[in-house]
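Remarks on the structure that follows.
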Number of protein chains: 2
Amino acid sequence: MTGPRGYHHGDLRRALLAAAVDAITDAGPAALSLRDLARRAGVSHAAPAHHFGDKAGLLTALAVEGFDLLAGALCEAGDLLDAGVAYVRFAVDHRAHFEVMFRPELYRRDDPEVTAARDRAGAALRAGVAALPRRETDPDQEADALAAWSIVHGFVTLWLAGALPPGTGPDPEAAARTVIRRLFD
Amino acid sequence: MTGPRGYHHGDLRRALLAAAVDAITDAGPAALSLRDLARRAGVSHAAPAHHFGDKAGLLTALAVEGFDLLAGALCEAGDLLDAGVAYVRFAVDHRAHFEVMFRPELYRRDDPEVTAARDRAGAALRAGVAALPRRETDPDQEADALAAWSIVHGFVTLWLAGALPPGTGPDPEAAARTVIRRLFD
DNA sequence: TGGCTATCTTGTCAATGACAAGTTAGGCTG
DNA sequence: CAGCCTAACTTGTCATTGACAAGATAGCCA
């Protein structure tokens, strides 16, 4: 789908996505400029439109990439604690993807590729919860999944926003572990 | 500080903030346009700059308003479960404020008014956790506060992003209650 | 009554997103 | 191998926007 063979540029589509990741990591998705990406890639101001249509198209492609990366990271995790930590690590390491993925007004959330990738990530998430040893007190797996997802998503969102107090420490994964343990103890 | 008395417009500052809330609720903070706000308020395109300096200034004012509203909502809550539900209700009812507050790249996060308002909200949050009956197994209040904040913040962020599965139901407060109970059971 | 100052307007500029039309180059067909 | 065909990219343009500068207006006060 990406077409890794090069025509004029080599692989402009990939270069633009990489440049977008850099730009978003620096200044957030709101400050993203297609013309700036074109400059970074050394092409004309209208070249990005050919590959992505418009800005929303580019961010849609980024979201697809992000959900696939997330699904991969979650699948590699062992138990639910690992999966939670992997979620946090993904968000920190791929901050640009993460920030776009959960801001649907920035891209075409109903795009078939996006929904497919989102479903893959969702399935990986639920697989982690299903692997949890059942507690006889409450067999509601849906609510368990929702609580687990909420706590890791909230933690890393606050972490990325710089909203957490300094006492949280410098390592997001360690802090996340502590928090997740409070949910399933 | 706001200057509720009117000169030419009446209270342009407040009118612009209200228009900004509407615009952000409709299309997100990224799509916000100062000129559009001016049109909605029936003033010239440069009038907003007088009151807020620039776009970041306007969003800074919105963030201050948001943290104060949140602090008020949390203070009125009884126990920690109430506070969590109040947090969710605040985010849903004041979506525009909430979306700006936790996106520090959009405003001047070091503005004195913002830091003061943020501290007030943080104090209200911790007060709710401190009121929780101590569990002898783990007396770490900091981690309790972090876990509680994470789970409600994550839940409502996912809710607002439309990322939750349909099975979650139509009422965010009820779903939040179920999720929060899983943390302190 | 005269000025003072906050409030708001008019005018302008560079940057941007989107679109239209043209150009280039790799590959395919005959 | 010649010619075309189409994807990839460029050039040009326009409306919109944020920011700034300079001017006009109106309430208030000495």
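Residue numbers start from 1 in every chain, and the chains themselves are labelled A, B, ... in the order their sequence lines are given, proteins ahead of strands.
- In this structure, the CG atom of Leu37(A) is 14 Å from the C1' atom of dA15(C), given to the nearest Å.
- Contact annotation: the side chain of Asp36(B) approaches that of Arg39(B) to within less than 4.5 Å [non-hydrogen atoms, C-beta and beyond].
- Shortest non-hydrogen contact noted between Val21(A) and Ala96(A) is O-CB, 3.6 Å.
- As rounded to whole Å, 13 Å separates atom C1' of dT10(D) from atom NE2 of His51(A).
- In this structure, His50(A) places its NE2 atom 4 Å from P of dA8(D), rounding to the nearest Å.
- Candidate nucleotides dC9(D), dT10(C), dA20(C) were compared by shortest atom distance to the side chain of Ser44(B), and dT10(C) ranks first.
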- [ ] Treat primed atoms plus P, OP1 and OP2 as sugar-phosphate and everything else as base, then score nucleotides 13-18 of chain D 5' to 3': B for base contact with protein heavy atoms under 4.0 Å, S for sugar-phosphate contact only, - for none.
- [x] B---BB
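- Leu106(B) places none of its side-chain heavy atoms less than 4.5 Å from the side chain of Leu32(B).
- Between Leu16(A) atom CG and dC9(D) atom C1' the separation is 11 Å, expressed in whole Å.
- For the pair Phe52(A) CZ and dA18(C) P, the computed distance is 13 Å after rounding to whole Å.
- In this structure, the side chains of Thr60(A) and Phe52(A) stay at 4.5 Å or more apart for every pair of heavy atoms.
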Open item on the list: Asp171(B) vs Arg177(B), test: salt bridge (Lys or Arg N to Asp or Glu O under 4.0 Å). Steps then yes/no.
Closed with: CA-CA 10 Å; Asp171(B) 179 13; Arg177(B) 230 178 280 268; over 6 Å; no
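- When all heavy atoms are compared, the tightest approach of Tyr107(B) to Val100(B) is CE2-O, 3.1 Å.
- The separation between Asp11(B) atom CG and dG27(D) atom C1' is 16 Å, rounded to whole Å.
- Atom-to-atom, CG of Leu12(A) to C1' of dT10(D) comes out at 12 Å; the value is rounded to the nearest Å.
- Taking the nucleotide of DNA chain D with the nearest heavy atom to each of Ala46(A) and Ala49(B), the more 5' of the two is matched to Ala46(A).
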